[in-house]
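In this chain, residues are counted from 1 in sequence order. On a predicted model such as this, the values are computed, not experimentally measured, just so you know. For the numbers below, each heavy atom of this structure counts, side chains included, while hydrogens, waters and symmetry mates do not.
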Amino acid sequence: KKDAKKVFEKIKNKKLSFKKETKENGELFAPIKPKEISVYFSEKFNETIHPSQIDLKKEIKKAGEYHITINLHSEVIAELRVLVEKKEVK
């Protein structure tokens, strides 16, 4: 539980940002899955968060802002925002 609180303090109020190629209507070519968010945490925050701990609430398949829940421990739950931006293709 102490470890969960440490991770919570490190990631709380953070906004995760993804730049993705989208179709003309703003839909992503592939939705963002918990596995990709898990990799983001290990790269950006050097923290291990398993895909099974990530609750997307709804599928992330368009550019925009989403709210996700990270279940760090039965008593420690972090709510974060995920921002998906359109990646400019040249």
Q.
Show, in sequence, the C-alpha distance, side-chain angles and deciding distance for Glu65 and Lys15, and conclude whether the side chain to side chain contact (heavy atoms under 4.5 Å, CB included) test is met.
A. CA-CA 10 Å; Glu65 191 171 297; Lys15 187 187 278 187; 3.9 Å; yes
(Q) Using a 6.0 Å distance limit plus a 45 degree cone around the ring axis, check whether Lys5 lies over the aromatic ring of Phe8. (A) no
Between the OG atom in Ser38 and the NE2 atom in His50, the distance rounded to the nearest 0.5 Å is 7.5 Å
Heavy-atom closest pair (Pro31 atom, Glu36 atom, distance to 0.1 Å) is O-OE1, 4.4 Å
Check: Asp55 and Ile77 side chains under 4.5 Å, non-hydrogen atoms:
no
Separation between NZ (Lys86) and NZ (Lys23), nearest 0.5 Å, reads 12.5 Å
Legend entry - Residue pair Asn71 / Ile54, side-chain heavy-atom distance below 4.5 Å: no
In terms of heavy-atom contacts, His73 and Ala4 come closest through CB-CB, 3.6 Å
I'd like to check Phe41 versus Asn46 (side-chain heavy atoms, cut-off strictly below 4.5 Å). Are they in contact? no
* To do: Decide, yes or no, whether a salt bridge links Lys10 with Glu47 under the criterion of side-chain N to carboxylate O below 4.0 Å.
  => yes
Is Ile70 reachable from Phe45 through a run of hydrophobic residues whose side-chain heavy atoms are each under 4.5 Å from the next? yes
Heavy-atom closest pair (Ile11 atom, Ala78 atom, distance to 0.1 Å) is CD1-CB, 4.1 Å
CD (Glu85) and NZ (Lys19) are apart, to the nearest 0.5 Å, by 3.5 Å
Worksheet entry | No-hydrogen, no-angle side-chain donor-acceptor test under 3.5 Å, Lys57 and Thr69 | yes
So CD1 of Ile60 and CD1 of Ile37: to nearest 0.5 Å the spacing works out to 4.5 Å
When rounded to the nearest 0.5 Å, the distance separating CD of Glu59 from CD1 of Ile32 is 10.5 Å
Q | Derivation of the side chain to side chain contact (heavy atoms under 4.5 Å, CB included) call for Phe29 and Lys20 | A | CA-CA 8 Å; Phe29 284 106; Lys20 294 292 210 174; over 6 Å; no
Rounded to the nearest 0.5 angstrom, the CG-CZ distance for Leu28 and Phe18 is 10.5 Å
**Asked** Are Val84 and Tyr66 close enough, and set up right, to give a side chain to side chain contact (heavy atoms under 4.5 Å, CB included), and what steps lead you there?
**Response** CA-CA 8 Å; Val84 181; Tyr66 298 84; 4.2 Å; yes
